[in-house]
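What follows is a single structure, written as structure tokens, with notes after it.
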Amino acid sequence: MSTPQPVRGTRDLIGEEARRHFHVIETARRVAALYGYDEWSTPIFEETGVFARGLGDTSDVVTKEMYTFTDRGGDSLTLRPEATAGVCRALVSNGLTQSLPQKIFYAGPMFRYERPQKGRYRQFHQIDIEVLGSDSPLADAEVIACGWHILQELGVAQDTVLELNTLGDKTSRDAYRAALVSYFLGHKDELSEDSIARLERNPLRVVDSKDEGDRRIVAHAPTIDGCLTEPAYAFFEKLQEHLARFGVPFRRNPRIVRGLDYYSHTAFEFVTTRLGAQGTVMGGGRYEGLVEEMGGPHTPCIGWAAGIERLSMLMAAAPPAPASVAIIPVGDAAEAAALDIAQSLRAAGIRAEMAYRGNLKRRMERANRTGARAAIILGESEIAGGLVQLKDLVSGEQAAVPVAELVRRLK
RNA sequence: GCGGACGUAGCUCAGCUGGUAGAGCGCCAGGUUGUGGUCUUGGAUGUCACGGGUUCGAGCCCCGUCGUUCGCCCCA
């Protein structure tokens with residue numbers, strides 16, 4: 001194959017797939033606006049430090065999975081692997097830490113150097129909302145409710161389940177980590193190799209292991225509940241109350257964990273069984289240290305991100321492209337009149353198309369193929385009488401109609 | 001980074017124990033020079049993913065590469 005192909009892990013969005021993709025974004029944008037979120041857009045690449053900061057050196061993430069390059073000025077830059085870090089950076093860069101909270105909606109491409117799988121690409125697209133600068137559990141509940149609302153509007157809510165957990169505050173989490181490490185060390189001989197490695201690097205992740213043997217051990221591992229401080233417990237209780245009021249059903253899943261230090265309290269995922277190994281459709285939680293990492297003040301935040309590709313796959317069908325009206329002149333003399341009609345329909349908000357060339361038969365074929373709802377046919381005799389032939393392409397009925405009445409007939 | 005499956009026309013796929021490439025759909029043109037969808041007649045299209053090897057001969061067998069896909073690892 002010598003013709004250029006899209007590079008590994010990237011793909012073209014055309015036709016049905018494009019319509020699905022943009023339908024997800026438009027739906028999310030509309031619903032987020034109902035909840036009072038403003039849309040932001042930040043650069044697609046940042047100084048590498050914006051993403052590397054706060055990730056620590058615990059995982060493969062920084063070393064293996066970022067698209068990092070040196071530009072001509074010698075600076076290390078990285079294609080954003082997620083939206084949140086850039087949003088937090090923008091908050092600080094623009095002095096908005098003085099006007100909190102900020103409620104942000106975001107949509108755009110992200111980049112991770114990973115092995116492509118179903119619903120996992122190197123250039124992928126996310127919708128994302130964040131509330132920056134609120135420590136109220138009401139913010140958590142609203143963020144989740146907004147996500148749930150979007151899933152409902154997309155028609156995928158019935159295929160997903162909200163799984164909810166709390167990581168508690170720092171004191172709770174430190175206690176939990178210590179409890180886990182001591183429990184797993186007691187079962188070290190029974191753990192998989194992968195999990196023994198996790199125990200060193202990122203003990204919370206053992207809880208998330210897919211290995212059968214590990215799962216049996218994890219089933220009896222201590223849960224966060226026994227380690228929660230009083231305020232952390234109260235926060236989680238309040239969140240669940242609010243969610244009930246918002247009418248969002250959820251299931252407690254103590255296995256949802258987050259490895260990085262700046263996560264706290266709420267952690268959640270909307271999951272589905274319909275996408276193989278990539279079951280998470282929308283995931284998020286509370287984080288408290290990221291804005292500080294960008295040089296701002298301590299700022300508690302809550303948000304989620306959802307993969308547009310995965311949502312598109314779950315969606316039954318994209319709404320069809322709007323049907324247009326095909327304007328078909330017969331003979332060169334009719335073309336000018338046809339253009340005038342096209343412009344008058346468009347001015348009235350009616351989608352209208354005129355082919356650039358072709359005889360009547362070909363233009364009719366094209367009108368049919370593109371799903372036009374009606375054809376307007378005009379030749380010399382029609383022009384002379386101020387009429388056109390208006391043909392309904394669904395019913396096949398055709399009648400002579402005065403030009404002046406077209407907009408009213410097609411509205 | 002690791003493992004399995006797959007790669008033939010624009011699309012979906014067939015192709016026998018190795019003998020030199022096919023179907024359906026779509027596309028183009030005619031039947032119909034002012035009427036689409038249905039019907040009908042005809043037509044075009046392939047470096048058989050790429051590179052090497054075995055063979056008189058490779059779409060088919062062997063090796064490598066690339067890509068797709070499913071899973072593992074990872075998942076900010």
Side-chain angles (χ1 to χ4, degrees), chain A residues 1-11 14-15 46 50-66 78 80-88 110-121 124 126 128 192-195 197-198 201-202 204-205 208-211 256-263 267 269 275-280 283-285 287 289-290 293 303-305 307 326 328-331 334 355 358-382 388-398:
Chain A
M1 209 111 13
S2 62
T3 54
Q5 296 296 309
V7 307
R8 186 179 178 78
T10 70
R11 60 193 200 128
I14 292 171
E46 300 269 0
V50 169
F51 305 115
R53 219 176 284 190
L55 283 177
D57 53 1
T58 52
S59 58
D60 295 337
V61 167
V62 174
T63 51
K64 271 169 51 183
E65 296 180 8
M66 295 204 305
T78 294
R80 62 180 181 204
E82 53 136 7
T84 312
V87 165
C88 288
M110 312 291 159
F111 305 84
R112 296 182 190 179
Y113 190 87
E114 296 180 292
R115 190 78 181 261
Q117 285 178 43
K118 187 186 190 67
R120 173 186 268 195
Y121 302 93
F124 60 105
Q126 288 187 327
D128 187 292
S192 68
E193 265 183 53
D194 285 333
S195 283
R198 290 185 185 108
R201 286 203 316 273
N202 202 343
L204 291 191
R205 277 273 155 212
D208 212 18
S209 173
K210 289 179 184 172
D211 182 88
I256 294 178
V257 294
R258 292 283 134 86
L260 302 181
D261 281 342
Y262 54 71
Y263 286 102
E269 295 180 356
L275 292 177
Q278 271 60 247
T280 302
Y287 51 97
L290 200 48
E293 299 281 0
W304 53 250
I328 303 181
V330 179
N359 59 24
L360 175 55
K361 179 184 164 101
R362 187 181 296 289
R363 287 171 190 254
M364 282 298 288
E365 282 173 350
R366 180 184 155 76
N368 190 57
R369 192 170 57 237
T370 58
R373 55 195 250 246
I376 291 171
I377 301 155
L378 64 158
E380 278 180 42
S381 57
E382 282 85 3
V388 297
Q389 292 294 324
L390 175 61
K391 178 164 188 168
D392 184 315
L393 290 178
V394 179
S395 68
E397 286 169 28
Q398 181 171 327

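Each chain gets a letter, A, B and so on, in the order the sequences are listed, and its residues count up from 1. For clarity, every value in this text was computed on a predicted model and none was experimentally measured.
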Separation of the [atom1] atoms in [N] and [M], to the nearest angstrom:
{"N": "B:U45", "M": "B:C27", "atom1": "C1'", "value": "9 Å"}
{"N": "B:C16", "M": "B:C73", "atom1": "P", "value": "39 Å"}
{"N": "B:C2", "M": "B:A58", "atom1": "P", "value": "33 Å"}
{"N": "B:U20", "M": "B:C56", "atom1": "C1'", "value": "13 Å"}
{"N": "B:A9", "M": "B:A23", "atom1": "C1'", "value": "11 Å"}
{"N": "B:U12", "M": "B:G52", "atom1": "C1'", "value": "32 Å"}
{"N": "B:G43", "M": "B:G7", "atom1": "P", "value": "31 Å"}
{"N": "B:C66", "M": "B:U47", "atom1": "C1'", "value": "16 Å"}

Which part of the nucleic acid does [X] contact within heavy-atom distance under 4.0 Å: base, sugar-phosphate only, or nothing?
{"X": "A:T84", "result": "nothing"}
{"X": "A:Y263", "result": "sugar-phosphate"}
{"X": "A:R198", "result": "sugar-phosphate"}
{"X": "A:G371", "result": "nothing"}

Side chains of A:T84 and A:L290 in contact at under 4.5 Å (non-hydrogen atoms): yes

Does the side chain of A:I377 reach to within under 4.5 Å of the side chain of A:M364, using non-hydrogen atoms? yes

Among residues at least two apart in sequence or on other chains, which ones pass side chain to side chain contact (heavy atoms under 4.5 Å, CB included) with [X]?
{"X": "A:R205", "value": "A:R198, A:N202, A:D208"}
{"X": "A:N368", "value": "none"}
{"X": "A:T370", "value": "A:R366, A:A372"}

Run the salt bridge (Lys or Arg N to Asp or Glu O under 4.0 Å) test against [X] and tell me which residues pass, sequence neighbours left out.
{"X": "A:D392", "answer": "none"}
{"X": "A:R112", "answer": "none"}
{"X": "A:R258", "answer": "A:E269"}
{"X": "A:R120", "answer": "A:E114"}

Provide, to the nearest angstrom, the distance between the [atom1] atom belonging to [X] and the [atom2] atom belonging to [N].
{"X": "A:E65", "N": "B:C75", "atom1": "CD", "atom2": "P", "answer": "8 Å"}
{"X": "A:R8", "N": "B:U68", "atom1": "CZ", "atom2": "C1'", "answer": "8 Å"}
{"X": "A:E193", "N": "B:C72", "atom1": "CD", "atom2": "P", "answer": "17 Å"}
{"X": "A:F111", "N": "B:C75", "atom1": "CZ", "atom2": "C1'", "answer": "18 Å"}
{"X": "A:R53", "N": "B:A76", "atom1": "CZ", "atom2": "P", "answer": "20 Å"}
{"X": "A:K210", "N": "B:C70", "atom1": "NZ", "atom2": "P", "answer": "13 Å"}
{"X": "A:D208", "N": "B:C72", "atom1": "CG", "atom2": "P", "answer": "12 Å"}
{"X": "A:D194", "N": "B:C75", "atom1": "CG", "atom2": "P", "answer": "11 Å"}

Can you measure from CD (A:E380) to CD (A:E382) and round to the nearest 0.5 angstrom? 10.0 Å

Find which nucleotide of RNA chain B each of A:K118 and A:E114 is nearest to by heavy atoms, and output the residue with the more 5' nucleotide. A:K118

Most 5' of A:Y262 and A:G119 on RNA chain B, judged by nearest nucleotide: A:G119

Measure from the side-chain N and O atoms of A:S195 to the backbone N and O of A:S192, and report whether any donor-acceptor pair falls under 3.5 Å. no

Could you encode protein contacts along nucleotides 35-42 of chain B as a string, one character per nucleotide from 5' to 3', using B for base contact, S for sugar-phosphate-only contact and - for no contact, with a heavy-atom cut-off of under 4.0 Å? BBB-----

Please evaluate the base of B:C74 for a donor-acceptor partner in the side chain of A:R120 within a cut-off of under 3.5 Å? yes

Is any side-chain nitrogen or oxygen of A:R205 closer than 4.0 Å to OP1 or OP2 of B:A76? yes

For A:E365, what residues pass the side chain to side chain donor-acceptor pair (under 3.5 Å) criterion, not counting sequence neighbours? none

Residues in side chain to side chain donor-acceptor pair (under 3.5 Å) with A:R11, at least two apart? A:E17

Paired stretches of RNA chain B - 3 or more consecutive Watson-Crick or G-U pairs, each distance under 3.5 Å: B:1-7 with B:66-72, B:10-13 with B:22-25, B:27-31 with B:39-43, B:49-53 with B:61-65

Every protein N/O lying under 3.5 Å from an N/O of nucleotides 1-8 of chain B:
| from | atom 1 | to | atom 2 | distance (Å) |
| --- | --- | --- | --- | --- |
| B:C2 | N4 | A:R115 | NH1 | 2.3 |

